[in-house]
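One structure below.
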Amino acid sequence: MVLCPVIGKLQHKRVVLASASPRRQEILSNAGLRFEVVPSRFKEKLHKASFATPYAYAVETAKQKALEVAGRMHQKDLRAPDVVIGADTIVAVGAMILEKPVDKQDAYRMLSRLNGKEHSVFTGVAIVHCCSKDISGPGRTLRLTLSSWAPRAHPTDGRLDTEVSEFYEETTVKFSELSEELLWEYINSGEPMDKAGGYGIQALGGMLVEYVHGDFLNVVGFPLNHFCKELARLYYPPRPEDLRRVRHDSIPAVDTFENLSDSEAGGSDPGQSAKGGRGGEQADGDRSQAPRALDAALNGADSRPPFPTGLLELMDGFKASKVLFTACKLRLFDVLKDQGPLQAADVARKLSTCAGRTEQLLGVCAALGLLEKTRRGYGNTEVATLHLVSDGEHSLQGLAEYNDAHVWGVFTRLGLAVREGADQTRGVLGAMEEERLSQNRELTLQFMRAKHSLSKLTAHHVATAFDLSRFASACDLGGCTGILARELAQEYPRLQVTVFDLPEVTELSGGFQRGGRQTERIRFVPVRTQRVGHYLQAKQSVLRRN
Ligand SMILES: Cc1cn([C@H]2C[C@H](O)[C@@H](COP(=O)(O)OP(=O)(O)OP(=O)(O)O)O2)c(=O)[nH]c1=O
């Protein structure tokens, strides 16, 4: 194996080592890796007895360390690093796990246990690949076509996707028969305190050791050799025959929805995330190999152009949108909120829909991160509960409904609008909306629900983006249900806010006010048109009257 190119695969990525261990930092920088150090704040307090083996504990701890850092950086920077590496080293005597001693007595107990015997040193390693995504952005859309690969979504923030590759390495170490005196002398040197098992093989502790079987660096805190093999597995192209297999077996064709069966759609099932094991190897047909293999194959390991992921997402994004709209329209998320988790057949019964197609829809929703599939059936993910259930405080159901019923149709006419030069000041959408709004009260309400649900998410940010405290009045042109006005009034106690909108909109806006009432500092003024000039005239007259 050629090491440099393997490490080089991380060269243009933002790599973070989620560890305070100076040994790990040294091992990785000696190997030529460039990385930032962000020690993890994950408390190493997993319940040891709940793990079948000591190494499972080390792997899980390593993973939690890395995920904590990835999540924290993502929240802080609004952008996660590309790769976060976490590691955890433990000493195991049989099933007993020894971590860092808490004091000298503890170190003595540990070293006495190791005295004259063989023990195992395990280091669990997690390589977390991060991807910051917006659930509503086009970035999500490829999930439709790559559903069987979808990495695990973290619904807590709804936007950070991670794919975890984990493995462990075991090294056997044998201690000589050591006298009490020597043990205490060693303990008093202070060396044991920040090291698993209470010794450091790389320094004074080396004198305690009779032999080592396996990777020495693994004992010191990082199995570099295994790490490089793992990188090679992740980043190097598979053989052409493997690639052919990947293409045939794992990527649903673009017309995924037609072909996707339930079992293929489990991409959001955590059970499908990459599993480690000693080699980090996976069963031959394991699909979780596919993204990496294909990614590696398509992104630079040969002379072919980079895989046009973003472009394909644009090509297929409309399908994902339609899946979301359809699920909303059927009130799928409402049903699952009240009665889920449910099996596909039960969902079909409750929605009075075709069982087969419903099952496909559920599968795709799961692949898109909108639903979770467990043995008990389908349930809403956190993002669906928050934003897609119709009566939720942060529901975007109205927006989905409106986009489906109207915007979708308008956009099918975009080519025509561009060719024929539709009114550029109002825009295609504006023109149609205005025309329709004046015709139909239900349509107006639908439009208002859509704007209302979106504004509920954005209004606070808009209201607080600038310090407006020196102003006494503000107006919101096309302010619809007055959500922004309310935020402004709340944020700035002396601000008088005027909301201008079409008469049919201002007439219905009362129904959207909390408790049916609006605050006294907010006024709705009907204007006959949505043209900015007319708004401004109306504004002037309102100001003059004041
Ligand atoms: C057995 C042994 C362990 N160790 C060290 C490696 C690890 O740094 C430490 C085990 O503790 P860890 O919890 O694995 O790591 P850490 O606390 O040092 O750093 P972080 O949690 O931030 O990643 O013991 C040696 O340096 N030499 C040895 O011979």
Side-chain angles (χ1 to χ4, degrees), residues 15-30 33 35-46 48 51 54-70 72-73 84-93 96-102 106-107 109-111 113-115 117-128 166-176 178 183 186-187 189-224 226-227:
V15 179
V16 167
L17 175 64
S19 173
S21 164
R23 278 78 55 175
R24 292 191 183 119
Q25 293 166 27
E26 195 181 332
I27 292 168
L28 285 169
S29 50
N30 283 347
L33 186 71
F35 55 89
E36 297 160 47
V37 175
V38 180
S40 181
R41 293 181 194 159
F42 175 74
K43 298 264 175 286
E44 297 174 38
K45 280 191 179 148
L46 293 174
K48 296 188 181 69
F51 291 88
Y55 58 78
Y57 169 82
V59 167
E60 185 59 28
T61 305
K63 185 168 84 184
Q64 294 305 330
K65 284 183 185 180
L67 286 174
E68 186 278 321
V69 168
R72 182 154 40 98
M73 292 184 76
V84 181
I85 302 164
D88 189 64
T89 302
I90 55 164
V91 163
V93 197
M96 183 187 295
I97 295 174
L98 307 179
E99 294 181 283
K100 287 169 285 193
V102 291
D106 199 24
R109 274 192 295 272
M110 288 185 182
L111 290 168
R113 273 205 186 97
L114 304 178
N115 199 355
K117 288 195 271 200
E118 264 190 7
H119 63 267
S120 292
V121 180
F122 293 103
T123 298
V125 177
I127 307 172
V128 175
E166 52 196 40
F167 65 91
Y168 70 91
E169 184 65 41
E170 177 178 7
T171 305
T172 306
V173 178
K174 161 102 197 297
F175 268 29
S176 300
L178 306 164
L183 285 186
Y186 180 59
I187 291 165
S189 74
E191 192 176 277
M193 298 318 294
D194 64 340
K195 300 184 182 70
Y199 72 97
I201 198 168
Q202 68 275 26
L204 293 177
M207 290 189 276
L208 319 178
V209 171
E210 203 169 289
Y211 60 76
V212 176
H213 288 157
D215 182 354
F216 181 84
L217 291 182
N218 183 50
V219 184
V220 184
F222 200 80
L224 183 64
H226 198 156
F227 176 69

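When a ligand or atom number is given, it counts from 1 through the structure's own listing order.
- When V219, V173, V121 are ranked by how near their heavy atoms come to atom 4 (N) of ligand 1, first place goes to V219.
- Shortest contact from atom 1 (C) of ligand 1 to any protein heavy atom: A196 O, 3.4 Å.
- Inter-residue side-chain proximity for L98 and L114 is flagged as met; some heavy-atom pair is nearer than 4.5 Å.
- Looking only at protein heavy atoms, the nearest one to atom 22 (O) of ligand 1 is A20 N, 2.7 Å.
- Of the protein's non-hydrogen atoms, I201 N, 2.7 Å is the one closest to atom 29 (O) of ligand 1.
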Could you go through the side chain to side chain contact (heavy atoms under 4.5 Å, CB included) check for I85 and L33 one step at a time?
CA-CA 12 Å; I85 302 164; L33 186 71; 4.1 Å; yes
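- The shortest side-chain heavy-atom distance between V125 and H226 does not fall under the 4.5 Å cut-off.
- For P39, no heavy-atom contact with ligand 1 is shorter than 4.0 Å.
- Ionic pairing of R23 and E26 is not present here: no N-O contact between side-chain nitrogen and carboxylate oxygen is shorter than 4.0 angstrom.
- Contact of the T89 side chain with the R24 side chain is registered, since non-hydrogen atoms from C-beta on lie closer than 4.5 Å.
- Contact annotation: for K195 versus ligand 1, heavy atoms closer than 4.0 Å belong to both the backbone and the side chain.
- Contact atoms of ligand 1 toward E44: 13 (O), 21 (O) (distance under 4.0 Å to a heavy atom of the residue).
- The backbone of D194, and not its side chain, has at least one atom closer than 4.0 Å to an atom of ligand 1 (non-hydrogen atoms only; backbone = N, CA, C, O).
- Using a 4.0 angstrom heavy-atom cutoff, R24 counts as in contact with ligand 1.
- In terms of protein heavy-atom proximity, atom 18 (O) of ligand 1 is nearest to S21 CB, 3.4 Å.
- Residue-ligand proximity: G197 is placed with every non-hydrogen atom at 4.0 Å or more from ligand 1.
- Annotation: S40 places no N or O atom under 3.5 Å from an N or O atom of ligand 1; distance criterion only.
- For atom 26 (O) of ligand 1, the closest non-hydrogen atom of the protein is Q202 NE2, 2.8 Å.
- Close N/O approach between G221 and ligand 1 is not found [any backbone or side-chain N/O within under 3.5 Å].
- Ring geometry for F167 against F227 counts as tilted: the plane angle lies between 30° and 60°, on a 0 to 90° scale.
- Near G200, meaning under 4.0 Å from any of its heavy atoms, are these atoms of ligand 1: 27 (N), 28 (C), 29 (O).
- Looking at E191 and K195, no side-chain N of the basic residue comes within less than 4.0 Å of a carboxylate O on the acidic one, giving no salt bridge.
- The existence of a salt bridge linking K174 and E210 is confirmed by a sub-4.0 Å separation between a basic side-chain nitrogen and an acidic carboxylate oxygen.
- For atom 5 (C) of ligand 1, the closest non-hydrogen atom on the protein side is R23 NH2, 3.7 Å.
- The closest protein non-hydrogen atom to atom 21 (O) of ligand 1 is K65 NZ, 2.6 Å.
- A 4.5 Å side-chain heavy-atom check between Y199 and V121 finds at least one atom pair inside the cut-off.
- In this structure, V69 and K65 have side chains that are not in contact, with every pair of non-hydrogen atoms separated by 4.5 Å or more.
- Among protein heavy atoms, atom 6 (C) of ligand 1 sits closest to V220 O, 3.3 Å.
- No side-chain donor-acceptor contact under 3.5 Å links T172 and E118.
- When side chains are defined from C-beta on, D88 counts as touching Y57, because their heavy atoms get closer than 4.5 Å.
- Residue-level proximity to ligand 1 for K100 is carried by the side chain, the only part with a heavy atom below 4.0 angstrom.
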